[in-house]
Amino acid sequence: MARVYNFSAGPAVLPEEVLREAADEMLDYKGTGMSVMEMSHRSKAFETIIQEAEADLRELMNIPDNYKVLFLQGGASQQFAMIPMNLMKNRVADYIVTGQWAKKAYQEACIYGKANKIASSEDKTFSYIPDCSDLPISEDADYVYICENNTIYGTKFKTLPNTKGKPLVADVSSCFLSEPVDVTKYGMIYGGVQKNIGPAGVVIVIIREDLITEDVLPGTPTMLRYKIHADNQSLYNTPPAYGIYICGKVFKWLKKRGGLAAMKEYNERKAKILYDYLDESSLFHGTVRKEDRSLMNVPFVTGDAELDAKFVKEAKAAGFENLKGHRTVGGMRASIYNAMPIEGVEKLVAFMKKFEAENAKES
Ligand SMILES: *Cc1c(COP(=O)(O)O)cnc(C)c1O
């Protein structure tokens with residue numbers, strides 16, 4: 001068996017330990033004689049799985065009691081519509097556009113009401129996070145929206161925007177559980193789990209209870225109402241049961257590793273290896289303003305598209321998979337989520353150094 005170092009932005013690397021455990025339990029989950037995939041979502045065994053998953057997530061993120069945790073489907077993208085449908089009481093919301101995902105969320109919100117783009121970093125291809133300390137927040141805004149870690153461009157909000165009292169809604173798909181968060185600073189935190197937590201098909205929503213109401217936009221489908229899912233403990237209909245089971249295992253893996261403070265420390269050490277090299281290399285360069293660099297997604301370029309392609313090809317042959325940058329940006333991107341071991345980054349950098357030596361520009 002040969003596992004590669006998988007630098008995919010998502011679906012992405014999962015802890016090997018979790019995959020092995022799931023394999024062991026595939027045919028007979030804890031004496032039930034069946035796989036979790038084959039099990040009723042109303043069974044005792046699954047009830048325990050989803051309840052433990054929620055309890056472990058609450059513990060990891062220190063989620064206060066006045067927030068609900070929902071396990072939903074439809075990916076992060078479905079939230080782009082679900083958020084305005086449920087939260088736009090005044091039909092006004094402010095969006096900070098720092099990348100493709102924030103832009104898509106903003107465009108979707110425009111369908112439902114007056115979405116204001118109050119800040120953007122599109123002028124410099126989303127390579128930085130704008131100053132959000134004193135933005136023109138709309139008086140009647142129902143919420144302020146951000147994408148906290150920009151998966152494609154590799155930027156991250158290091159300080160949350162000053163929302164001037166309005167609820168903050170954050171897409172954390174690609175930085176979920178990568179470091180401690182103060183949940184009380186948000187009205188809602190959500191993310192697709194396929195970046196840093198589990199298999200595609202699950203989206204986790206953490207939402208303050210007062211934001212969950214019957215007062216949704218007319219025509220909002222039952223399945224797209226937070227209240228329905230909150231009232232039914234995420235079991236209104238059949239949830240993505242197997243995915244939730246794997247997420248639960250990853251939560252336990254994170255707890256065993258010391259929780260989010262320990263993960264942050266590990267992720268910082270890991271990212272530093274790559275960023276330090278990018279800063280000293282004369283071939284490879286990071287594309288993001290230093291103070292806004294993500295710990296999770298690291299885009300870089302040589303400045304020569306042919307050389308970039310050569311690097312991606314040779315890296316793949318050497319066991320480093322999915323280093324090609326997003327199709328809209330080009331170059332390379334290494335996604336180094338929680339489950340990427342530090343050895344993976346060390347070996348990648350060693351490979352990059354070798355490539356640099358072999359391809360040194362004559363001057
Ligand atoms: C991947 C990603 C999405 C889209 O997720 P889907 O589950 O494919 O809809 C949205 N936001 C961010 C930040 C992402 O990284």
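Bear in mind the structure is a predicted one, so any value in this text is a computation, not a measurement. For ligands, and for the atoms within them, numbers begin at 1 and follow the listed sequence.
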Look at atom 14 (C) of ligand 1 and say which protein heavy atom is nearest, naming residue and atom and giving the distance to 0.1 Å. K195 NZ, 2.8 Å
Pair Y186 + Y67: ring centers closer than 6.0 Å: no
of all protein heavy atoms, closest to atom 9 (O) of ligand 1 is S77 OG, 2.5 Å
Which of the atoms in ligand 1, numbered in the order shown and given with their element, are less than 4.0 Å from a heavy-atom of T151? 12 (C), 13 (C), 14 (C), 15 (O)
I'd like to know whether Y29 forms a ring pair (Phe, Tyr, Trp, His ring centres under 6.0 Å) with Y245, so could you lay out the CA-CA distance, the side-chain angles of the two residues, the decisive distance to 0.1 Å, and finally the verdict. CA-CA 11 Å; Y29 176 74; Y245 154 77; 5.6 Å; yes
Side-chain ion pair, R20 and E17, N-O less than 4.0 Å: no
A student checking ligand 1 against C147 at a 4.0 Å heavy-atom cut-off should list atoms 13 (C)
Are Y337 and F176 near enough that their ring centres are under 6.0 Å apart? no
What atoms of ligand 1 come within less than 4.0 Å of a heavy atom belonging to S173? 11 (N), 12 (C), 13 (C), 14 (C), 15 (O)
For ligand 1, which atoms, with element, lie under 4.0 Å from some heavy atom of G75? 7 (O), 9 (O)
Side-chain contact, heavy-atom cut-off 4.5 Å: V193 with F71? no
Tell me whether the guanidinium CZ or amine NZ of R333 lies under 6.0 angstrom from the six-membered ring centre of F300 and within 45° of its axis. no
Identify the protein heavy atom lying closest to atom 7 (O) of ligand 1, giving its residue, its atom name and the separation to 0.1 Å. Q194 NE2, 2.8 Å
Nearest protein heavy atom to atom 5 (O) of ligand 1, by residue and atom, and its distance? A76 CB, 3.5 Å
Write out the residue and atom name of the closest protein heavy atom to atom 11 (N) of ligand 1, then the distance separating them to 0.1 Å. D171 OD2, 2.6 Å
Name the one of N150, V97, I152 that satisfies side-chain contact (heavy atoms from CB on, under 4.5 Å) with F126? V97
